[in-house]
Amino acid sequence: MPVKKKRKSSDLDDVGLKKCKITSYCRSQAPSRLISGDDIFSSKKCLAWFYEYAGPDEVVGPEGMEKFCEDIGVEPENIIMLVLAWKLEAESMGFFTKEEWLKGMTLLQCDCIERLQSKFDYLRLQLNDISSFKNIYRYAFDFARDKDQRSLDIDTAKSMLALLLGRTWPLFSVFYQFLEQSKYRVMNKDQWFNVLEFSRTVHADLSNYDEDGAWPVLLDEFVEWQKVHQT
């Protein structure tokens, strides 16, 4: 629930949700090789799989990630959703370094493409569960921001919100338009969290929006802007 005391958006201190369906994020695939129940996870095999995508610096860069996405059948622009679900599960920032790859894959017991593909339904459940999604949404802020910054630059925030809420929040398109023309150049953590709370609790027609509530000024201004456009 929103905090009791209203904060100014200029402080830069440090968001109804519906189920986030990502079934369309994965490409159709040819039938995978069946994995025997007797197969045992192999760390050695897992690392060899990692080096198929990693560069000399032992990091999966853009080209390696593109190949990885193609191999597992996930669109590159949507891999972030699986990464976030993976992060929630593995308590890791992703699978871009050898350590992160091995930690996440060991937890999921995946040492090959087929094993990882068999976990897609499980990872989707993390995204489709309201409670888990809230945690993933919170993780996304730290995942996407520059580590030396306390806030997200507004372009990154818009891109992440499009992935996380774009398919499920009826007001997302107009909120995106609002951000496009607004004075805001960053989004802080308080604003980020409250956008999710707003999307979960405020009706699409804004009829139940409490002007005296403890929403960030960013959302007050969005409501005012939208009401003007509605009239």
Side-chain angles (χ1 to χ4, degrees), residues 1-2 6-10 12 15-27 69 74-85 88 123-146 149 151-211 213-231:
M1 293 295 295
K6 194 164 191 172
R7 304 179 182 179
K8 299 291 185 181
S9 61
S10 57
L12 296 183
V15 97
L17 172 66
K18 299 176 183 178
K19 290 186 178 181
C20 178
K21 300 181 183 300
I22 66 166
T23 53
S24 60
Y25 283 8
C26 299
R27 305 186 185 107
C69 291
V74 174
E75 298 292 345
E77 64 269 24
N78 294 315
I79 190 65
I80 187 68
M81 298 297 284
L82 292 181
V83 170
L84 290 171
L88 179 68
L123 292 173
R124 290 191 190 100
L125 286 174
Q126 303 302 304
L127 293 166
N128 293 338
D129 176 78
I130 291 178
S131 178
S132 295
F133 182 83
K134 183 175 182 179
N135 290 329
I136 290 169
Y137 183 93
R138 287 174 173 265
Y139 275 130
F141 184 87
D142 290 326
F143 182 90
R145 69 179 172 86
D146 292 334
Q149 301 294 323
S151 302
L152 282 179
D153 72 81
I154 201 65
D155 288 334
T156 300
K158 289 186 297 186
S159 296
M160 290 299 296
L161 288 172
L163 279 174
L164 293 162
L165 300 179
R167 300 184 181 213
T168 62
W169 183 23
L171 283 175
F172 174 76
S173 62
V174 291
F175 183 66
Y176 189 96
Q177 293 171 27
F178 164 76
L179 292 178
E180 287 272 89
Q181 58 81 55
S182 76
K183 64 180 186 256
Y184 294 95
R185 295 295 173 261
V186 296
M187 183 176 290
N188 64 44
K189 186 175 290 188
D190 181 63
Q191 293 166 338
W192 177 263
F193 290 170
N194 274 279
V195 169
L196 177 59
E197 185 67 21
F198 185 98
S199 72
R200 292 178 64 182
T201 59
V202 177
H203 300 163
D205 62 2
L206 305 176
S207 59
N208 66 332
Y209 185 77
D210 182 3
E211 295 180 356
W215 299 106
V217 174
L218 167 71
L219 291 170
D220 287 334
E221 293 178 351
F222 165 62
V223 171
E224 293 173 6
W225 179 86
Q226 175 62 359
K227 286 182 176 179
V228 168
H229 282 69
Q230 284 178 331
T231 58

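Everything numeric in this text was worked out from a predicted model, so none of it was measured.
- Heavy atoms only, all atoms of each residue included: Phe175 and Leu218 are closest at CZ-CD2, 4.5 Å.
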For the pair Phe133 and Leu164, evaluate side chain to side chain contact (heavy atoms under 4.5 Å, CB included) and give the outcome as yes or no after the intermediate values.
CA-CA 9 Å; Phe133 182 83; Leu164 293 162; 4.1 Å; yes
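- Between the side chain of Asp129 and the backbone N or O of Ser132 there is at least one donor-acceptor pair closer than 3.5 Å.
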If you apply the rule side chain to side chain contact (heavy atoms under 4.5 Å, CB included), what do you find for Lys183 with Glu221, and how did you get there?
CA-CA 11 Å; Lys183 64 180 186 256; Glu221 293 178 351; 3.1 Å; yes
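- A distance of 13.5 Å separates CG in Asp155 from CE in Met160, rounded to the nearest 0.5 Å.
- To the nearest 0.5 Å, the span separating NZ on Lys227 from CG on Asp205 amounts to 9.5 Å.
- For Trp215 against Val202, the heavy-atom pair with the smallest separation is CZ2-CG2, 4.1 Å.
- Taking CG from Asp153 and CG from Asp146, the interatomic distance works out to 7.0 Å, rounded to the nearest 0.5 Å.
- Considering only residues two or more places apart in sequence or on other chains, Phe178 meets the ring-ring contact (aromatic ring centres under 6.0 Å, His included) condition with Phe222, Trp225.
- With 3.5 Å as the limit, one finds no donor-acceptor pair spanning the side chains of Tyr184 and Gln191.
- The shortest heavy-atom contact between Val223 and Leu206 is CG1-CD1, 4.1 Å.
- Checked by atom type and distance alone, the side chain of Asp220 never pairs as donor or acceptor with a backbone atom of Gly213 at under 3.5 Å.
- Distance CG/Leu161 to CZ/Phe172: 6.0 Å, rounded to 0.5 Å.
- Between Arg145 and Ser151, the closest heavy-atom pair is CB-O, 3.9 Å.
- Between the CG atom of Leu165 and the CZ atom of Arg167 there is a distance of 12.5 Å, given to the nearest 0.5 Å.
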Evaluation steps, side chain to side chain contact (heavy atoms under 4.5 Å, CB included), between Lys189 and Asp142:
CA-CA 9 Å; Lys189 186 175 290 188; Asp142 290 326; 3.8 Å; yes
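- For the residue pair Ala204 and Leu171, the shortest heavy atom distance occurs at O-CD2, 3.4 Å.
- Counting heavy atoms from C-beta on, the side chains of Lys158 and Glu180 come closer than 4.5 Å.
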